[in-house]
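Step one of this worksheet: look at the structure below.
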Amino acid sequence: MKTNTSSISNAARLSIAPMMDWTDRHCRYLHRQLSGRALLYTEMVTAPALVRGGALHLLDHAPEEHPVALQLGGSDPKELAQAARLGFEAGYDEINLNVGCPSDRVQSGTFGAVLMKNPGLVAECCAAMIAAQPVEVTVKCRIGVDDQEPRDVLPEFLARVASAGVGRFSIHARKAWLQGLSPKENRDIPPLDYELVQQMRGLFPALHLSVNGGVTTLDQVEAFLEAGLDGVMVGRAAYHQPVDVLAAADRRIFGGTGPDATAEGAVRAMLPYIEAHVTAGGRLNQITRHMLGLFAGRPGARAWRRMLSEGAHRPAAGPALLEHALAEIELASHAGAT
């Protein structure tokens, strides 16, 4: 079921970042068991893979994942327009353009963070994507790259791309160094400049701006929202400690009144999904690799990780392994309480 634009903007109060090799459809299905309202993103899918390669399986997702956004990578307006149309036809609620990824393979394809150097091309790409289909087109960007001065570059970038019809941006509050730093180092070494993102909120009151980078707790999310930002995007913390970030989000961020989600509840909710996946010929570890951090910081967490890591790759592995591991968690929790 698709979600309308106003609902998506509200969902973007808390979003889970698109992360290559991490936020696949199994990861998103798990995250949805912890929050019914946060906005989820696919890992980046390149426009050439869809348009030239015909890799439409990359668009697969479950109806339960909504609200969910497709992130595209590319720099050819016509190709991105075609890819955006395919994303719309596949049922995504939002199409996002990656202008933030600093990896070498992204640079060689002339997309990702290197596009910060060419806001005119980004605007042209976005205009084509908007014209090709009816769902909202958004941009995820950095504050600048290499020797650019972010205080000069970022306002110009936002103004130029907004003029093409983009009303919502997620800003990773770090520069990307395309020469000299690895993608991993680019996630940690360039200093965060949250103040600059806050300044953009004042300069562009009509835009919906989310901050990304270095956010690890719901307390931080609430603080940014209270300071006037429209949304917060959380990355690695939501993957490694999903319960800490998502379990109370519907209540604390979205004003929900129901009980908070639990790790145990998420595991049980995943069992039918896992059964269907395994029955269809899938491997258990394709799903459980995303579940290793569910009990982070709790008694039994190490045993949980060990049982899943050692057992999920076995040919006959299925939901019974999760039930056995969950029983061990419950034993450890009872032991810790006595």
Quick one: do His290 and Asp24 satisfy side chain to side chain contact (heavy atoms under 4.5 Å, CB included)? Show the steps, please. CA-CA 9 Å; His290 303 301; Asp24 64 15; 2.8 Å; yes

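- Of the possible donor and acceptor atoms, one in the side chain of His61 sits under 3.5 Å from a partner among the backbone N and O of Leu59.
- Between Glu64 and Arg32, no side-chain nitrogen of the basic residue sits less than 4.0 Å from a carboxylate oxygen of the acidic one, so the salt-bridge criterion is not met.
- Rounded to the nearest 0.5 angstrom, Ile171 CD1 and Cys141 SG are separated by 5.0 Å.
- With hydrogens and angles ignored, the 3.5 Å screen pairs no side-chain donor or acceptor of Asp93 with any backbone N or O of Ala69.
- Taking both residues in full, the closest heavy atoms of Leu14 and Ala249 are given as CD2-CB, 3.5 Å, listed atom of the first, atom of the second, then distance.
- Identified under the salt bridge (charged side-chain N to carboxylate O under 4.0 Å, His left out) test for residues 159-170, with sequence neighbours left out: Glu94-Arg168, Glu136-Arg168.
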Would you please test Leu56 and Leu86 for side chain to side chain contact (heavy atoms under 4.5 Å, CB included) and show each step? CA-CA 8 Å; Leu56 299 185; Leu86 292 171; 3.9 Å; yes

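- Lys175 places a side-chain N or O within donor-acceptor distance of the main-chain N or O of Gln148, the cut-off being under 3.5 Å.
- No side-chain donor-acceptor contact under 3.5 Å links Arg13 to the backbone of Gly231.
- The ring-ring contact (aromatic ring centres under 6.0 Å, His included) test applied to Phe157 returns no partner, not counting sequence neighbours.
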Distance-only donor-acceptor pairs under 3.5 Å for side chains of residues 252-263, two or more places apart:
unit_1	atom_1	unit_2	atom_2	d
Arg252	NE	Glu222	OE2	3.3
Arg252	NH2	Asp219	OD1	2.6
Arg252	NH2	Glu222	OE1	2.7
Asp260	OD1	Arg251	NE	2.9
Asp260	OD2	Arg251	NE	3.3
Asp260	OD2	Arg251	NH2	2.8
Thr262	OG1	Gly265	N	2.9

Using residues 122-135 as the side-chain source, report each donor-acceptor pair under 3.5 Å to any protein atom, sequence neighbours left out, with the distance given to one decimal.
unit_1	atom_1	unit_2	atom_2	d
Gln133	OE1	Val135	N	2.9
Gln133	NE2	Met129	O	3.0
Gln133	NE2	Val135	O	3.2

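- Thr42 contributes no side-chain N or O that, together with a main-chain N or O of Met44, makes up a donor-acceptor pair within less than 3.5 Å.
- A heavy-atom distance below 4.5 Å is not found between the side chains of Leu40 and Thr23.
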Any chance you could lay out the side chain to side chain contact (heavy atoms under 4.5 Å, CB included) test for Ile16 and Tyr41, step after step, and finish with the verdict? CA-CA 6 Å; Ile16 306 304; Tyr41 280 81; 6.0 Å; no

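- Leu121 is listed as a side-chain neighbour of Leu115, based on a closest heavy-atom distance under 4.5 Å.
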Yes or no on side chain to side chain contact (heavy atoms under 4.5 Å, CB included) for Val99 and Met116, after CA distance, side-chain angles and deciding distance? CA-CA 7 Å; Val99 191; Met116 292 294 301; 3.8 Å; yes

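- Under a 3.5 Å cut-off, the side chain of Thr288 and the backbone N or O of Met291 do not form any donor-acceptor pair.
- Arg174 is not listed as a side-chain neighbour of Pro191, based on a closest heavy-atom distance of 4.5 Å or more.
- Atom CG of Leu321 is separated from atom CG of Leu284 by 6.0 Å, given to the nearest 0.5 angstrom.
- Annotation: the span from Leu229 atom CG to Leu209 atom CG amounts to 7.0 Å, rounded to 0.5 Å.
- Leu158 places none of its side-chain heavy atoms less than 4.5 Å from the side chain of Pro155.
- Of the possible polar contacts, none joining the Thr216 side chain to the Ala237 backbone as a donor-acceptor pair under 3.5 Å is found.
- For Lys117, the salt bridge (charged side-chain N to carboxylate O under 4.0 Å, His left out) test picks out Asp146, with sequence neighbours left out.
- Distance alone, capped at 3.5 Å, is enough to place a donor-acceptor pair between the Asn212 side chain and the Met233 backbone.
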Please report, to 0.1 Å, the donor-acceptor pairs under 3.5 Å made by any side chain of residues 266-283, with sequence neighbours excluded.
unit_1	atom_1	unit_2	atom_2	d
Arg268	NH2	Glu330	OE2	2.5
Tyr273	OH	His26	ND1	2.8
Glu275	OE2	Thr279	OG1	3.1
His277	NE2	Arg283	N	3.4
His277	NE2	Arg283	O	3.2
His277	NE2	Gln286	OE1	2.8
Thr279	OG1	Glu275	O	2.7

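- When all heavy atoms of Val234 and Ala238 are compared, the closest pair comes out as CG1-N, 3.9 Å.
- Residue Ser9 comes nearest to His208 through the heavy atom pair O-NE2, 3.2 Å, listed as atom of the first residue, atom of the second, then distance.
- In this structure, the side chain of Glu65 engages the main chain of Ala62 through a donor-acceptor pair within 3.5 Å.
- In this structure Tyr29 satisfies the side chain to side chain donor-acceptor pair (under 3.5 Å) test with no other residue, sequence neighbours excluded.
- From Arg142, atom CZ reaches atom OG of Ser170 across 13.0 Å, with rounding to the nearest 0.5 Å.
- Screening residues 119-148 for ring pair (Phe, Tyr, Trp, His ring centres under 6.0 Å) gives no qualifying pairs among residues at least two apart or on separate chains.
- Counting only heavy atoms from C-beta outward, the side chains of Ile8 and Pro67 approach each other to under 4.5 Å.
- To the nearest 0.5 Å, the span separating CG on Leu322 from CE on Met307 amounts to 9.5 Å.
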Tell me, with the steps shown, if Asn96 and Thr138 meet side-chain hydrogen bond (donor to acceptor under 3.5 Å, both in side chains). CA-CA 5 Å; Asn96 178 268; Thr138 67; 2.7 Å; yes

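- Listed here is the closest heavy atom pair of Gly311 and Ala317: O-CB, 3.3 Å.
- When the salt bridge (charged side-chain N to carboxylate O under 4.0 Å, His left out) test is applied to Asp193, the partners found at least two apart in sequence or on another chain are Arg151.
- Within the model, atoms CG of Leu294 and CD of Gln33 stand 10.5 Å from one another, a figure rounded to the nearest 0.5 Å.
- Every residue two or more places apart in sequence or in another chain that forms a side-chain contact (heavy atoms from CB on, under 4.5 Å) with Ala173 is listed here: Leu192, Tyr194, Val197, Val211.
- Under the 6.0 Å cut-off for aromatic ring centres, Trp22 and His240 qualify, their centroids lying closer than that.
- When all heavy atoms of Val137 and Val166 are compared, the closest pair comes out as O-CG1, 3.8 Å.
- Asp152 is linked by a side-chain contact (heavy atoms from CB on, under 4.5 Å) to Glu149, counting only residues two or more places apart in sequence or in another chain.
- In terms of heavy atoms, His66 sits closest to Pro63 at CD2-O, 3.0 Å.
- Taking Glu264 as the reference, Arg298 meet the salt bridge (charged side-chain N to carboxylate O under 4.0 Å, His left out) condition, with sequence neighbours excluded.
- Two residues are said to be in side-chain contact when any heavy atoms from C-beta on lie closer than 4.5 Å; Trp177 and Pro102 fail this criterion.
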